[in-house]
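Just so it is clear, the model here is predicted, and its values are computed rather than measured. Letters A, B, ... are given to chains in the order of the sequence lines, protein chains preceding strands, and every chain is numbered from 1.
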Amino acid sequence: MEIIEEKNNIRLRALDSFVPKHIFECGQSFRWNFDGMGYIGVVGDKVMRVVEDGKDIIFEGCNVDDFYDTWIDYFDLDRDYGSIRSKLIEFDSIMKKATVFGYGIRLLNQDPWETLISFILSANNNINRIKKTIENICMIYGDKILWRGQEYYTFPSPTILANSDIDTLRRCGCGYRDRYILETAKKVVENEAKLYSLRMLSYDEAIDFLLKFSGVGPKVADCVALFSLGKYEAFPVDVWIKRIVEALYFEREEICKEDIKRFASNKFGDYAGFAQQYLFYYARENHIGNG
DNA sequence: TTCCAGGTATGCA
DNA sequence: TGCATACCTGGA
């Protein structure tokens, strides 16, 4: 990867395995939106647009300091995804197709707190409404950022949400999950450092801790573990991945979620999380598992 | 009008 | 422990 500093931009040349559409539409994040030119997102207190320019990737509105301080880790740029795909291809022909199709996927290292709240909101919900609700929460409780003439908002801290109220959260569109958000925020505030130290614990220890939060079950805990704690053995099983695995591996036979997870853990081991993302993107884009 | 959407909490046997 | 059921809400 060659890093070229341009005026207000960072240009990345010869960057392997990086396709914005693959990264932002494989189900791992809710705050990146395509604006016709690229994907704009808010991470921490930074706004950036990711644009494809031929074989280059441009991080618009990014300086060198931010690139090294924030974005290398966020986009997992130090990891060799080519070797991950090579490893996955060894498992079976299904994974081969999925990794060839979604060759530009990367797992983002997102903020655990934001990921926790976002996926609590995802329960029994649809993606458009989840995104809208998160934006509402940020507009009401976050800090305003002006970026190229447009207003963006940070994701509010645990303390701010812990001091919020049910009625306002309900008006943001949380629905019955408002109570889970408030209870979880209060619990996180009691020991915020612990949430950020889960990265150092084992997968099982991290999951045990996450399951104690209100509104967090096995699926949400796995999403937080995979998308913000670097627990790549996690394999979140939602209704989509359940249908996808049934369609691709079990000739559409009905399998319970626990058995799907067990199957994936046994088969893919420490690569389960990567496998989940390639499978999810491949199947969703090709309408596999839709019935 | 009814049903469904990236699950979880709750009550009951 | 295992199963059934309710749950906000907006769009199809």
A:Asn128 CG - C:dG11 P separation (whole Å): 9 Å

Nucleotide C:dA6, atom C1' - distance to CG of A:Asn124 in whole Å: 10 Å

Atom P, compared across C:dC3 and B:dG6: separation rounded to whole Å: 25 Å

is_close_aromatic(A:Tyr232, A:Tyr203), centroid dist under 6.0 Å: no

Shortest side-chain distance from A:Arg129, nucleotide among B:dG6, B:dT8, C:dG10: C:dG10

d(CG, A:Asn136; P, C:dC8) in whole Å: 18 Å

Distance under 6.0 Å and angle within 45° of ring axis: A:Lys194 vs A:Phe209: yes

Whole-Å gap separating P (B:dG6) and NZ (A:Lys132): 15 Å

Sugar-phosphate only, base, or nothing, as touched by A:Gly217 at under 4.0 Å among non-hydrogen atoms: sugar-phosphate

Distance, rounded to the nearest Å, where A:Arg177 contributes CZ and B:dT8 contributes P: 11 Å

Sugar-phosphate, base or nothing in reach of A:Pro236, heavy atoms under 4.0 Å: nothing

Watson-Crick/G-U partner (both atom distances under 3.5 Å) of B:dG6: none

A:Tyr176 (side chain) and B:dG7 (base): donor-acceptor pair under 3.5 Å: yes

Touch class at under 4.0 angstrom, heavy-atom based, for A:Gly27 against every strand present: base

Sub-6.0 Å ring centroid separation between A:Phe119 and A:Phe227: yes

Complementary nucleotide of C:dC8, counting Watson-Crick and G-U pairs under 3.5 Å: none

Check: A:Asn125/A:Ser122 side-chain N/O donor and acceptor closer than 3.5 Å: no

Separation of B:dA9 P from A:Lys219 NZ (nearest whole Å): 14 Å

A:Gln276 or A:Tyr180, whichever maps to the more 5' nucleotide of DNA chain B: A:Gln276

Separation between the C1' atoms of C:dG10 and B:dA9, rounded to whole Å: 23 Å

Between P of B:dT10 and CD of A:Glu183, the distance in whole Å: 8 Å

Any donor-acceptor pair under 3.5 Å from A:Asp143 side chain to A:Asp45 backbone: no

Length of the CG-P vector between A:Asn125 and B:dA5, whole Å: 12 Å

B:dA5 phosphate, OP1 or OP2, under 4.0 Å from A:Arg243 side-chain N/O: yes

